[in-house]
Amino acid sequence: MASFYTVKELSDAKQVPELYQVTKHLVFSSPATLAYNSPGAEGFGVKRAGLSIPESVMLIVSPGCCGRNTSQISSMPRYKNRFFYLQMDETDLVTGRHLKKIPQAVSEIVEFLEEKPRLVMICATCVDALLGTDWDRVCRKAEEESHVLVRPCYMYALTREGLRPPMVHVRQSLYSLLEERKKDNRAVNLLGFFSPVSREWEMFGYLEKAGVRTIRQISECESFDAFLGMAEANFNIVLNPECRSAADDLADRLKIPYVELQRFYDPDRIQRQYAAFARAVGIEIEDEPDHDRAQRMLSEFASGHQGLSVSIGECVNANPFELALTLASRGLHVAEIFAPVNELSAWYLKRLSGICPSCRVYCSQAPSMLSYEEPEEKIRLTIGKDAGYYHPDAVHVPWNSDVQPFGYAGVAALVREIQRMSGELS
Amino acid sequence: MKGLRKYLTPFAPDQSGAVSMCYALGGMVVIVDAGGCAGNICGFDEPRWQPDYASSSHVGAVFSAGLRDMDAILGRDEALTAKVEEAARQIDASFIALVGTPVPAVIGTDLPSAARMAQKACHLPCIAIQTDGMHLYDRGIEEALLTLVKAFSGPGEGDGQGQRASTDRNVCSVLGWNPLDLFDPQWADAVRSFLLSSGYDEVLIPGADRGLEAFVQLRHAKRNYVVSPAGIAAARHLEKMYGIPYEVTFPADPGILMENNRHPCAEIPFPGDDLKVLVVHQQVLANAIRKSLAGSGFRGSITAATWFRLDPEFAKEGDIHLQEEDDFIELVREGGFDLIIADPSLKPMAKQYQGAWIDAFHFAVSGQAAIDHRRNIIKG
């Protein structure tokens, strides 16, 4: 049987149980979450993230095993001719001679490509983490010889729980390319995702009304030069905490301050956050109509599905605990959550324990998940790609698209998506 | 430039081969890595993990050791043992396999010693497969197969010094089978059917058959058929230990090697006596295609080439071992071939080539393309 704690047990626990600390047990690569639990795998792992900037290519410097699954990404049209490999052997490990080959390899790649890249990302892996390779120095040398920009990104699975995990560092590395420019008071950047935030997000309208004329996000930059334009921003909005370090760098280096927004599905939480945001940046936001519409849609759906048993996964464009609280507090029966538990989950767990104390919380990466069996109570709706794997007969709302839902528009889109399935539910 | 890949993604590494050999045996496979290698294997290189691969697909007990930087720096082998012990309590496993990756290779982990510690703690047989992610899948299969054979197939009734175990059954075994040669769940069945129809009562296919029983029964085999160079070392070991003869061959219709399962000769787009053909696959399967063409009256010259192990004992003069992309580019440019039978992912390296090309998928080479191809076949 797969191990779990109930929401109540977790809420009462003095510390996060070892079940949810992946460094404390073997890691099960559940097929449910496989796309997400390797830093080089599907989704926006280091490899795809490192190629977010237009006109860039990547050289993966590693033993062959680390680049193997890249063919899965290479088959996507936008990544054709963008991945290259310098394979290491045992002698390289001992002598470090592979590092001397990198400038030549970069030059060969530049020469090979008909359309010359503006940037070559060097993707380094665990072995160089252990060897203590100075990648900044190696990249400088490669830049001198190839006459293109060369930057490192680190696919260091070994440091996933460290101070600078791979997905934090890759963002720092990308935004380090921005150089000081004259500020445009009417320009704002959205930082955090490598795919676009949905243009349905009401914030675009609020900012426009406040006088903002240009809102940039890395995924919408069509050229390298367009990306460099992000340095003109008056301020940054950070939408993913993994981008906080990069935003700190930009604040320090280019004097671009930032404000952080979290993704919520409870309209009241969104409204409170917008009020704080408006105060911080000195604008007015009139969000009452959007708030009321989202609230109404959510309430109507919930009232029509009281007691509906729901399973929520972690491969979802949401904080699973926040989404669980949003739904449970409106009368849905959240029976299961598959998600990592950490200190940040505590606030939600405390509130959930008063509404659905027996809700089971699983760690998808725990070895016992190999023995997961569906509970007797039938799960009717799954939200999150992984939850769908565990309940093949339920109605699935994967809610994990590359395009990122946010704000009231995100709430409305989720409700619409669930309602699209509501025929099956009823 | 040596080691630089501009066209091809890296081929399946040794650790993937090792896991593929252990996957179906009912053991607990622990990939001694930080998580990326296990993700690569389970998410990509182990077809049986894919739910749509075959009706017999199942999720095996494959785990990552979840090493972190301080584990590596401090060499905390006892922490690994504790994790394995904890998991073994939760999983019904008949043995444990520790599979090496680049991280233990760099920090010099003594995997056999770690396996002994795990065996003592878990009271289960525990083997170490010393892969490092820097070699190719065939080497991992060879290492895993030999380790499993040594651990589970004897000495039993044989004397371990060349004497065969006695049995009334007419049993043979197939050594070196693996899902990374052909991304086709039928290929073990095709080989088994062919050998059963040849008069054997039972066909053992270690690695494809569920559980360890195939390994335990190996000493009863009358003959071993070696279907990839990765199986040769185990075959030689079994010959030495139990006097079992072996034959390096592909005991089935080679049509299964070709796209749409058609016989290679049926695919040749034109007749002629002086045709030059290049076949690229793992050595035994390339030889099988060559043999099939030759046996069907084809009179041209056929060169076999492989990116993987080329055993001189089973090669013909002129057969080629490929290592770098430039080796293949030059071979095609200078070879004057009329027909190439190879994985389609090699095509971009043959831009100037004017001859015919027949796809022969090799999962260890093309990976995703082979998966997509198979899915298209299933969709019809």
Under 3.5 Å: donor-acceptor pair, side chain of [X], backbone of [Y]:
X: B:R68; Y: B:A34; answer: yes
X: B:T131; Y: B:G133; answer: no
X: A:D89; Y: A:T91; answer: yes
X: A:R68; Y: A:G64; answer: no

Mind telling me whether B:F11 and B:F308 have parallel, tilted or perpendicular rings, with 30° and 60° as the class edges?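 Answer is tilted, since the angle falls between 30° and 60°.
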
Region of [X] in contact with chain A, defined by heavy-atom distances below 4.5 Å:
X: B:Y7; value: side chain
X: B:I31; value: neither
X: B:V365; value: backbone
X: B:V62; value: backbone
X: B:M28; value: side chain

Please classify the contact between [X] and chain B as side chain, backbone, both or neither, with a heavy-atom cut-off of under 4.5 Å.
X: A:L370; result: side chain
X: A:L26; result: both
X: A:T125; result: neither

Counting heavy-atom pairs under 4.5 Å to chain A, which of B:V84, B:I107, B:I41 comes out on top?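 Top count of heavy-atom pairs under 4.5 Å with chain A: B:V84.
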
Indicate yes or no: at least one non-hydrogen side-chain atom of B:L111 is less than 4.5 angstrom from one of B:V32.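 In short, these two side chains touch, coming nearer than 4.5 Å.
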
Side-chain touch B:W307/B:L8, heavy atoms, less than 4.5 angstrom: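 Yes, close enough: below the 4.5 Å cut-off.
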
Salt bridge flag under 4.0 Å for residues B:K6 and B:D326: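 No.
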
So that I can tick it off, tell me whether A:K100 and A:D92 are bridged by a salt bridge, with the cut-off set at under 4.0 angstrom between side-chain N and carboxylate O.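 Looking at A:K100 together with A:D92, the answer is no, because their closest N to O distance does not fall below 4.0 Å.
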
Give me the contact list for residues 85-95 of chain B versus chain A, heavy atoms only, anything under 4.5 Å, ordered by residue number.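 Heavy-atom contacts from residues 85-95 of chain B to chain A are B:A87, B:Q90, B:I91.
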
Counting a contact as any heavy-atom pair under 4.5 Å apart, which residues of residues 12-19 of chain B contact chain A?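 From residues 12-19 of chain B, the residues near chain A are B:A12, B:P13, B:Q15.
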
Which pair of non-hydrogen atoms, one from [X] and one from [Y], has the smallest distance, and what is that distance?
X: A:H25; Y: A:P367; answer: ND1-CD, 3.7 Å
X: B:S20; Y: B:R48; answer: O-NH2, 2.6 Å
X: B:H362; Y: B:D181; answer: CD2-O, 3.4 Å
X: B:A65; Y: B:K83; answer: O-NZ, 2.8 Å
X: B:Q130; Y: B:E143; answer: N-OE2, 3.6 Å
X: A:L59; Y: A:A105; answer: CD2-CB, 4.0 Å

Report the option among A:A366, A:A129, A:S371, A:G67 that has the most heavy-atom pairs separated by less than 4.5 Å from atoms of chain B.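 Max contact count across the listed options: A:G67.
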
Under a 4.5 Å cutoff for heavy-atom pairs, which residue among A:K101, A:M1, A:M88, A:H98 has the most contacts with chain B?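 Looking at each option in turn, the highest pair count goes to A:K101.
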
Heavy atom to heavy atom, less than 4.5 Å: which residues from residues 108-117 of chain A reach chain B?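 If one takes a 4.5 Å heavy-atom cut-off, the residues of residues 108-117 of chain A near chain B are A:E108, A:I109, A:F112.
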
Can you confirm whether more than 12 heavy atoms, excluding those of B:K347, are under 6.0 Å from its NZ atom?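 Yes, NZ of B:K347 has more than 12 neighbouring heavy atoms, counting only those of other groups under 6.0 Å.
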
Hey, could you give me the NZ/OG distance between A:K141 and A:S146, rounded to the nearest 0.5 Å?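 One finds 11.5 Å between NZ of A:K141 and OG of A:S146.
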
Could you list the residues that satisfy side-chain contact (heavy atoms from CB on, under 4.5 Å) with A:S364, not counting sequence neighbours?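 For A:S364, the residues satisfying side-chain contact (heavy atoms from CB on, under 4.5 Å) (neighbours in sequence not counted) are A:T33, A:E314, A:F338, A:D386, A:Y390.
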
